[in-house]
> 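The structure under discussion is supplied below as structure tokens; questions concerning it will follow.
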There are 2 protein chains.
Amino acid sequence: MPRIASPSSARTRERVLPEHARLHNLVLVLRSLFHGGAMSRADLARATGLTRVTTSGLIAELIGEGIVVEKGTRASAGPGKPAVLVDLDRVGLQVVALDLSGADEYHGALMDLRGAVIARRRVRRESEESSSQAQAAVVGLARDLVQAADSRLLGVGVGSPGVISEDGVVLEAPNIGWEGVPLRQLLQDELGVPVVVGNDANAAAQAEYTLGETEPDLLLIRVGRGVGAGLLIRGMLVTGTHHAAGEIGHVPVGEDAPDAPSCACGNIGCLEAWISVPRLTAALHREGADREAILRGAGARLGTVLAPVVSMLNLSDVVVAASPTLFGDIFLDAAGENLRSHTLGRSHAEVRMRVPAESEEIVLRGALVMVLSSELGIS
Amino acid sequence: MPRIASPSSARTRERVLPEHARLHNLVLVLRSLFHGGAMSRADLARATGLTRVTTSGLIAELIGEGIVVEKGTRASAGPGKPAVLVDLDRVGLQVVALDLSGADEYHGALMDLRGAVIARRRVRRESEESSSQAQAAVVGLARDLVQAADSRLLGVGVGSPGVISEDGVVLEAPNIGWEGVPLRQLLQDELGVPVVVGNDANAAAQAEYTLGETEPDLLLIRVGRGVGAGLLIRGMLVTGTHHAAGEIGHVPVGEDAPDAPSCACGNIGCLEAWISVPRLTAALHREGADREAILRGAGARLGTVLAPVVSMLNLSDVVVAASPTLFGDIFLDAAGENLRSHTLGRSHAEVRMRVPAESEEIVLRGALVMVLSSELGIS
DNA sequence: CCTGCTTTGTAAGGCATACTTACAAACATG
DNA sequence: CATGTTTGTAAGTATGCCTTACAAAGCAGG
């Protein structure tokens with residue numbers, strides 16, 4: 001069962017052989033099926049531009065690999081031979097998804113390609129966990145879910161906080177206490193299935209893009225213990241020169257304000273110090289706190305930091321994935337207002353700020369998408 | 001003479017046929033030649049991974065089209081049959097490049113592929129020029145230079161201020177008074193050669209990337225009458241949802257400062273109001289002005305605006321293309337200091353701020369690169 | 001009911017592309 | 001001067017998509 005080309009390998013600066021063309025076209029068929037749903041070979045041919053003959057050949061290969069299945073004939077809607085529907089095996093293929101970004105637990109699920117959860121596990125994080133203890137906990141969680149699979153397992157996807165290299169090495173994740181942990185290799189050796197590891201905010205952005213209906217340029221902000229962001233440009237993840245794209249928690253904002261908070265990093269007025277969940281919660285519990293004013297203020301700080309980014313990238317879609325109790329309409333409206341007032345100029349920029357659907361599961365869904373992308377080329 | 005595939009057409013979501021593969025490999029050969037200089041067919045085969053046989057075939061086609069020429073045998077450096085060097089016809093192929101971003105003139109040049117200027121023309125802009133007068137002036141400038149070509153002309157590249165769509169329509173360019181001018185189509189109809197039109201800052205960024213030795217992620221800031229930026233991520237231009245990426249002139253910064261300037265757009269503290277050439281010049285000529293303090297202050301404003309962008313994208317290379325008399329070391333150091341102090345956190349970010357080589361000609365060189373990219377796939 | 005039309009899916013043969021193998025040409029070196 | 005090395009090309013093979021042709025299976029109208 002050869003791994004289908006990832007889209008990045010198609011955009012590469014390397015020579016193209018006939019077999020590469022076929023891989024590209026296979027991915028094209030898979031994408032069409034994933035986003036278009038069950039359809040006939042003839043439908044697929046029209047969707048991809050390939051001929052019926054070629055499409056049939058590709059589908060035959062995919063059926064042979066167990067990725068695509070026939071779904072019976074379509075209730076005929078006109079003249080002609082009735083079509084046989086084919087589709088991705090959305091329930092027969094399974095993926096293990098891990099979300100390591102929780103404040104006090106590791107969360108994982110066994111899912112099918114629809115994102116339906118077949119099994120779920122949570123592992124509490126110990127308060128003073130060592131790096132290797134954390135690794136053992138994550139490996140155990142993954143193994144448990146891999147063993148729960150009762151059908152073909154495509155792979156394991158992991159969304160982790162921190163800075164993560166392209167080959168799945170966690171370069172630094174202070175929240176977990178990791179530094180230079182080759183998590184992907186480690187899990188793959190332990191489990192014997194393909195593993196892909198990525199930053200949690202990046203995973204969430206990919207989930208929103210692939211599973212939702214969004215612009216190809218998409219910014220997703222995640223607020224938890226820290227503040228992180230995932231950014232897609234033309235559907236492609238922006239990783240940055242040192243894999244640290246999206247690390248905006250320590251940009252100072254309003255650092256001259258009288259109430260500017262000091263940050264754990266030593267600076268004053270870091271975005272994280274204004275709006276992270278612990279800091280915001282603490283501010284709200286202070287004596288005589290004006291809840292709405294505090295939330296509005298926090299939202300405004302986020303808007304101010306995002307304004308240059310949104311202007312520079314000409315974004316129109318900003319998603320805030322965070323606990324809705326804190327980051328609800330008050331916060332979001334303030335952020336949006338401030339963002340718009342700071343980006344107006346003569347631009348047509350109509351920035352939309354919104355909350356993602358099912359934000360609770362968004363990192364798990366992102367981990368699923370990462371596997372779909374690396375194993376099947378779907379994005 | 002078929003137009004060679006642009007790299008963007010290779011990354012498309014369309015089916016791949018054998019001929020597309022060949023086009024891709026042709027581009028690969030051209031890129032290797034462009035960046036590697038004259039070499040033998042065998043060298044090229046090693047550089048691209050293609051076989052000598054295939055490489056010879058591709059080169060034969062390129063020689064047939066007059067894009068590549070043989071440059072004689074190499075002074076032998078070892079045993080074996082001496083190699084015949086081939087190279088892009090760097091002096092026999094010409095390009096017309098236009099820079100419309102000047103404050104009081106349109107500037108154009110006939111160049112060879114090395115960027116050497118063969119002919120140069122400047123057209124003064126009238127102070128109260130209408131849209132159609134400006135169009136006529138640009139068409140005349142282009143025609144003049146096209147007629148000056150004494151060898152094969154690859155095409156015409158235009159770097160223009162303003163917001164420009166992918167198909168070369170100037171959606172809005174307040175400085176020139178254009179709105180919805182289909183400049184690419186217009187010039188192509190008039191001149192009968194391929195034309196490509198792009199934003200001036202984007203052109204400059206492409207010049208720096210393709211002609212210099214930079215990271216694939218690159219931000220270039222242009223300061224003139226306004227402030228604009230060109231951004232490359234993985235060597236690909238970021239255009240934004242409405243083609244307005246890089247329009248950062250009207251992001252407010254330090255708007256609460258006592259000396260915050262008001263902007264023509266009606267807001268207060270727009271970046272452009274702090275650092276644009278006219279505004280900065282005016283500030284320096286004010287009674288009792290402290291030149292260094294003003295320049296440092298302006299630089300700091302730029303650094304503050306860029307900090308969220310640099311953090312979000314994890315950039316390491318920021319280029320400032322502007323008049324060196326105003327935007328020299330004082331300005332640049334202040335910008336860099338402020339940028340670093342606003343992005344430090346725990347990131348390894350070593351942001352380098354620098355001035356491009358030959359910044360006077362950078363838009364012309366960018367226009368050249370745009371033609372190379374669209375006609376030959378070189379980037 | 002039957003013929004004709006439409007659509008689906010497959011089979012056979014052709015074209016394009018890159019690869020492998022083989023070889024001639026030209027030069028350096030011992 | 002023979003040998004080995006490198007370059008560049010020729011001939012044949014493998015892969016992949018295309019075009020053309022056709023069987024299968026249904027609807028529609030006479």
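Numbered from 1 within each chain, the chains take letters A, B, ... in sequence-line order.
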> Please tell me whether Asp167(B) and Gln185(B) have a donor and an acceptor in their side chains that are separated by less than 3.5 angstrom.
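Absent: no donor and acceptor within the cut-off.
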> Please confirm whether the backbone N or O of Val195(B) pairs with a side-chain atom of Gln188(B), one donor and one acceptor, at under 3.5 Å?
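Yes, Gln188(B) side chain to Val195(B) backbone: donor-acceptor pair under 3.5 Å.
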> Base contacts versus sugar-phosphate-only contacts with protein, heavy atoms under 4.0 Å: please encode nucleotides 12-20 of chain D as B, S and - from 5' to 3'.
----SSSBB
> Check nucleotides 24-30 of chain D against the protein and report each pair of N or O atoms closer than 3.5 Å, with its distance, or say if there are none.
unit_1  : atom_1 : unit_2   : atom_2 : d
dA25(D) : N3     : Lys81(A) : N      : 3.3

> Are any side-chain N or O atoms of Asp217(A) and backbone N or O atoms of Arg234(A), one a donor and one an acceptor, separated by less than 3.5 Å?
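Yes; judged by distance alone, with no hydrogens or angles, the pair exists.
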> I'd like to check Val146(A) versus Glu190(A) (side-chain heavy atoms, cut-off strictly below 4.5 Å). Are they in contact?
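Not in contact.
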> Looking at side-chain heavy atoms only, is the closest gap between Leu88(A) and Ile67(A) below 4.5 Å?
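Yes, at least one pair of side-chain atoms sits under 4.5 Å.
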> May I ask you to decide if Glu14(A)'s main-chain N or O and His24(B)'s side chain share a donor-acceptor pair within less than 3.5 Å?
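Yes: the side chain of His24(B) pairs with the backbone of Glu14(A).
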> Classify Arg41(A) by what it touches in the nucleic acid, base, sugar-phosphate, or nothing, heavy-atom distance under 4.0 Å.
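Sugar-phosphate, no base atom in range.
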> Of all nucleotides in DNA chain C with an atom under 4.0 Å from a non-hydrogen atom of chain B, which is the first and which the last going 5' to 3'?
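With heavy atoms of chain B under 4.0 Å away, the range is dT17(C) to dA28(C).
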> For the residue pair Asn314(A) and Ala245(B), what are the closest heavy atoms and their distance?
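For Asn314(A) versus Ala245(B), the nearest heavy atoms are CB-N, 3.3 Å.
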> Give a yes or no on whether the backbone of Phe34(A) and the side-chain of Arg90(A) come within a donor-acceptor separation of less than 3.5 Å.
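Indeed, once roles are kept as given, a pair shorter than 3.5 Å links the two residues.
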> Show the nearest heavy-atom pair for residues Leu368(A) and Leu113(A), with the distance to one decimal.
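Shortest heavy-atom contact: CD2-O, 4.2 Å.
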> Could you tell me whether Arg74(B) contacts a base, only the sugar-phosphate backbone, or nothing, with contacts defined as non-hydrogen atoms closer than 4.0 Å?
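Touches nothing.
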> Got Asn25(B) and Leu58(B) here, is their nearest side-chain heavy-atom distance under 4.5 Å?
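Yes; the side chains approach each other to less than 4.5 Å.
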